[in-house]
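Below, chains carry the letters A, B, ... as their sequence lines are ordered, and counting in each starts from 1. Values below: all heavy atoms of this structure, side chains included; hydrogens, waters and symmetry mates excluded.
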Amino acid sequence: MSIEKIIQNATVEALKTLYNADIDINQVQVQNTRKEFEGDVTIVVFPFLRASKKSPELTANDLGSYLSEKVDIVDSFNVIKGFLNLVINNTYWLEVLRDIYQNQDFGTKSVTEDSELVMVEYSSPNTNKPLHLGHIRNNLLGFSISEIAKANGKKVVKTNIVNDRGIHICKSMYAWKMWGNGKTPENSGMKGDHLVGEFYVEFDKHYKAEIAELVAGGMTKEEAENQAPSIIAAREMLRKWEAKDEETVELWKTMNGWVYEGFDVTYKNLGVDFDKIYYESETYLVGRDEVIRGLKEGIFSQREDQSVWADLTADGLDQKLLLRSDGTSVYMTQDIGTAKMRFNDYSIDKMVYVVGNEQNYHFQVLAILLDKLGFEWGKDLYHFSYGMVELPSGKMKSREGTVVDADDLMDGMTEVARNMSKELGKLESLSGEEAEKTFRMIALAALKYFILKVDPRKNMMFNPEESIDFNGNTGPFIQYTYARIQSVLRKATEKGLAMDAGLPVTELSVKEKDLLKRLSLFPSVVQEAGDNYSPAVVANYCYELVKEFNQFYHDHSILGESDPGTMNFRLILASSVGQVVQKGMNLLGIEMPERM
RNA sequence: GCCUCGGUAGCUCAGUUGGAUAGAGCAACUGCCUUCUAAGCAGUAGGUCAUGGGUUCGAAUCCCGUCCGGGGUACCA
């Protein structure tokens, strides 16, 4: 039982005995005592004044006396204004440490047969351009909330829905056909996704020029946008693709193949993976069938031009298009089909979509549509809506080349990590290969931590010049602390020191106790992160934990300690911090180096 | 217009179901390596929590108004 629960229960009992009052357990606010006061946990007594009919001070004294007498982990208490500070005895804290040290699963729940199955959709790229910083946030969040869900005892299926069809792909295809001169990843040495993305930009360049020319010739902008030769050709390609024209399908397969090879490299470097991948080229027809079924059943309606619509005015929303007048499907149609296939494939208890907040409306509508179509899970879908990544120059736009490319960013940060390591004279004992692996690990930690430490719901600013930091509240700082701990533990092993989990009760210094208290919070952090879908909670906890450790490390010698019992305690404390930090950072997809 | 999310130190961000004197990092300045890794530790300085009201023992947090900003409101995704 957590300390909070112990104190809450005892307080409810105390109020009953002292004042014959029935107080709900949730009324008992137990918080960590602020550093400037003596004590470990604090009870706010204001909510009990009605029951006690006494001043805050007297009420707190009554309660404090009762608790220190009846609850064996409570040693003493003090009262400041309406706050009752309780001092918890060392026996309890050492018991906690013993548990952390010995229990490999400390803080996490294991998955069982009847665990809830959560499917997490994330990444969801288009196959016409490489991944950029915005996708990185998506991928990191998706991966991390999946890991956090697992730590909370859920079965997790990570899934990716690849948008591999549509007009945007045809634009790249058409541009390659026209101006590609047979360029391939092999003959150009270019990464496949970057190559295809180049032609997407190329298309836009020609398209814009054509529009300008047509407008100069007297056309309105709208007319020009619809009649430019490039766009007409791209549309024709899409039509051919849907008609399964052999040559078009062949080109589509080839170019998508290049993109997938490129994506695989990026995903691997980023350290994310998927259990099941869906392709929109396979799901959109399922969606179309569902919409047609809905039309037959009178859930949707058809207009004179043959387009199909859902009327959501009763739900306070608008009319929503589901099939175009030419019978082709839209984004919403595909998502209906994808959802249906997923629920056929798995017995999903919870469906989570990791998609940017620009699509809040889309998912609100999707939930209602799935519900109307009779899928009982529809309205329970969870849209994990995260904020945009902004640059100092504003929004990122692929077509205009104002994006921070994912591969470039990772490479660039690795370069910075390498230079900094060399400057500091670190890792000189490692082989080139091992050192290179560590540079990459550090760079990725910097990037991932920077992104995951902020509240996912909020927009965030990324300044390529300034955001690459390795000191202070950063991933590398946490890694550094971990490496320090491992270094101490290695030296302890070399000296033949065995760690004894017996832990006889000793005096604890302020720093030792603060660190131990922080460690004990890990399980509630994991749970809170799971409940709120927030990797940021874990990130901030890890930072506070290692910050606390560094203070302890600075003030106390571990291996230089003369008292064997104290040294043993400190070794176990350090080792436990290492374990918890590693576990926490792994929930963020961040690896810990043994040396750095 | 309507819907929606946000505004905390010069910058980037924390701040639990309302609790004590609002916290970190970066940037600036100052100390600490003969000692387990100085990618560290300690200190100085930096705030009208956008703004005006309200609710109460208590508001950055809850409610209403105003200002500013993001996103959405497509036969784009």
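- Classification of A:R457 and A:D455 as a salt-bridged pair holds, one side-chain N sitting under 4.0 Å from a carboxylate O.
- No contact: A:D326 has no heavy atom under 4.0 Å from any strand.
- Checking B:A20, B:C41, B:A38 against every side-chain atom of A:R34, the shortest atom distance belongs to B:A20.
- Separation of the C1' atoms belonging to B:A59 and B:C49 is 11 Å when rounded to the nearest angstrom.
- Between A:K426 and B:A39 there is a side-chain N or O to OP1 or OP2 distance below 4.0 Å.
- Nearest nucleotide to the A:F477 side chain, out of B:C41, B:C13, B:G7: B:C41.
- Of the side-chain N and O atoms in A:R324, one or more sit less than 4.0 angstrom from OP1 or OP2 of B:A77.
- Residue A:N471 places no side-chain atom within donor-acceptor reach of the base of B:A27, judged by atom type and a 3.5 Å distance cut-off alone.
- The same atom, P, is picked in B:C5 and in B:C41; the two are 39 Å apart, to the nearest Å.
- Nucleotide B:A45 forms a pair with no other nucleotide shown, judged by Watson-Crick or G-U wobble geometry with both contacts under 3.5 Å.
- When heavy atoms are screened at a 4.0 angstrom cut-off, A:R457 is found touching no nucleic acid atom at all.
- B:A27 makes up no base pair with any nucleotide shown, lacking Watson-Crick or G-U wobble contacts both under 3.5 Å.
- Toward the 5′ end of RNA chain B lies the nearest nucleotide of A:K511, the other residue of the pair A:K511 and A:R303 mapping further downstream.
- With B:C36, B:G70, B:G25 as the choices, the nucleotide that has an atom nearest any side-chain atom of A:S557 turns out to be B:C36.
- Annotation: B:G25 and B:G15 have their C1' atoms spaced 15 Å apart (nearest Å).
- When each of B:U37, B:U21, B:G19 is scored by its nearest atom to the side-chain atoms of A:K81, the top-ranked nucleotide is B:U21.
- Base engagement by A:T42 is indicated by at least one non-hydrogen atom pair under 4.0 Å involving a base atom.
- Classification of A:E57 and A:K81 as a salt-bridged pair fails, no side-chain N sitting under 4.0 Å from a carboxylate O.
- Using a 5.5 Å limit on the distance between ring centres and a 30° limit on the angle between planes, the aromatic ring of A:Y553 does not count as stacked on the six-membered base ring of B:G40.
- Annotation: cation-pi geometry not satisfied between A:R165 and A:W252 (NZ/CZ under 6.0 angstrom from ring centroid, within 45° of ring axis).
- Using C1' as the reference atom, B:U73 and B:G23 are 39 Å apart when rounded to the nearest Å.
- Computed from coordinates, the A:N532 CG to B:U17 P distance equals 8 Å when rounded to whole Å.
- The listed nucleotides are B:A20, B:A38, B:U12; the one nearest the side chain of A:M461 is B:U12.
- Distance noted for atom C1' between B:A9 and B:C26: 12 Å (whole Å).
- Stacking annotation: A:Y361 is not stacked on the base of B:C3 (requires ring centroids less than 5.5 angstrom apart and an interplanar angle below 30 degrees).
- Side-chain proximity of A:F46 to the nucleotides B:C57, B:C13, B:A20 is greatest for B:C57.
- The side-chain ring of A:F83 is stacked on the base of B:A20, judged by centre separation under 5.5 angstrom and plane angle under 30 degrees.
- With rounding to whole Å, A:E428 atom CD is found 12 Å from B:A39 atom P.
- The separation of B:C63 from B:U56, taken at their C1' atoms, amounts to 13 Å, rounded to a whole angstrom.
- Among the atoms of the strands shown, only primed sugar atoms or phosphate atoms (P, OP1, OP2) are found under 4.0 Å from some heavy atom of A:D318.
- If you take CG of A:N32 and P of B:U16, they are 13 Å apart, rounded to a whole angstrom.
- If you check B:G69 for Watson-Crick or wobble pairing at under 3.5 angstrom, you find it paired to B:C5.
- Rounded to an integer number of Å, the gap from A:Q359 CD to B:C5 C1' is 16 Å.
- Out of B:A14, B:A39, B:A38, the shortest distance to the side chain of A:M596 is found at B:A39.
- Of the charged side-chain nitrogens involved, at least one lies within less than 4.0 Å of a carboxylate oxygen, so that A:D204 and A:K208 count as a salt-bridged pair.
- Here the side chain of A:L424 is nearest to one of B:A39, B:A42, B:U37, namely B:A39.
- Nucleotides B:A24 and B:G47 place their C1' atoms 15 Å apart, quoted to the nearest Å.
- Between A:L141 and A:P535 there is a side-chain heavy-atom pair separated by less than 4.5 Å.
- Here A:V44 lies in heavy-atom contact (under 4.0 Å) with a base.
- For A:E358 and B:A74, the CD to C1' distance is 14 Å, given to the nearest whole Å.
- Taking only side-chain nitrogens and oxygens, A:S487 comes nearer than 4.0 Å to OP1 or OP2 of B:U37.
- Remark on RNA chain B: of its neighbouring residues A:H362 and A:V546, the 5'-side contact belongs to A:V546, judged by nearest-heavy-atom nucleotide.
- Nucleic acid contact for A:S421: base, since at least one base atom lies under 4.0 Å from a heavy atom of the residue.
- B:G69 sits 25 Å from B:C76 when the C1' atoms are compared, rounded to a whole Å.
- Between A:E548 and A:K511 there is no salt bridge, since no side-chain N of the basic residue sits under 4.0 Å from a carboxylate O of the acidic one.
- Using a 30° and 60° split on the angle between ring planes, A:Y382 and A:Y533 fall in the parallel class, below 30°.
- Across all strands, A:L323 comes closer than 4.0 Å to no nucleic acid atom at all (heavy-atom distances).
- Judged by distance alone with a 3.5 Å cut-off, no donor-acceptor contact links the side chain of A:T474 to the base of B:A39.
- Nucleotide B:C62 is shown with an anti base, its glycosidic torsion being more than 90° from 0.
- Residue A:K547 places no side-chain N or O under 4.0 Å from the OP1 or OP2 atom of B:G40.
- For A:F37 and B:A20, the ring-to-base geometry satisfies the stacking test (centroid distance below 5.5 Å, interplanar angle below 30°).
- Nucleotide B:A60 forms a pair with no other nucleotide shown, judged by Watson-Crick or G-U wobble geometry with both contacts under 3.5 Å.
- If you check B:A14 for Watson-Crick or wobble pairing at under 3.5 angstrom, you find it has no partner at all.
- Across B:A14, B:G40, B:A20, the shortest atom-to-atom separation from the side chain of A:T33 is found for B:A20.
- Regarding A:N26, its CG atom lies at a distance of 16 Å from the P atom of B:G19, rounded to whole Å.
- Under 3.5 Å, the side chain of A:T481 and the base of B:A39 form no donor-acceptor pair of N or O atoms.
- Which of B:U73, B:G70, B:G40 sits closest to the side chain of A:N459 comes down to B:G70.
- Between A:K547 and A:E544, none of the side-chain N atoms (NZ, or NE/NH1/NH2) sits under 4.0 Å from a carboxylate O, so this pair counts as no salt bridge.
- Between A:D62 and A:K54 there is a salt bridge, since at least one side-chain N of the basic residue sits less than 4.0 Å from a carboxylate O of the acidic one.
- Within the 4.0 angstrom heavy-atom criterion, base atoms lie near A:Q29.
- We find that CG of A:L238 is positioned 11 Å from P of B:C76, with the value rounded to whole Å.
- Straight-line distance from the CD atom of A:Q334 to the P atom of B:A77: 7 Å, rounded to whole Å.
- For A:K491 and A:E494, the salt-bridge test fails: no basic side-chain N is under 4.0 Å from an acidic carboxylate O.
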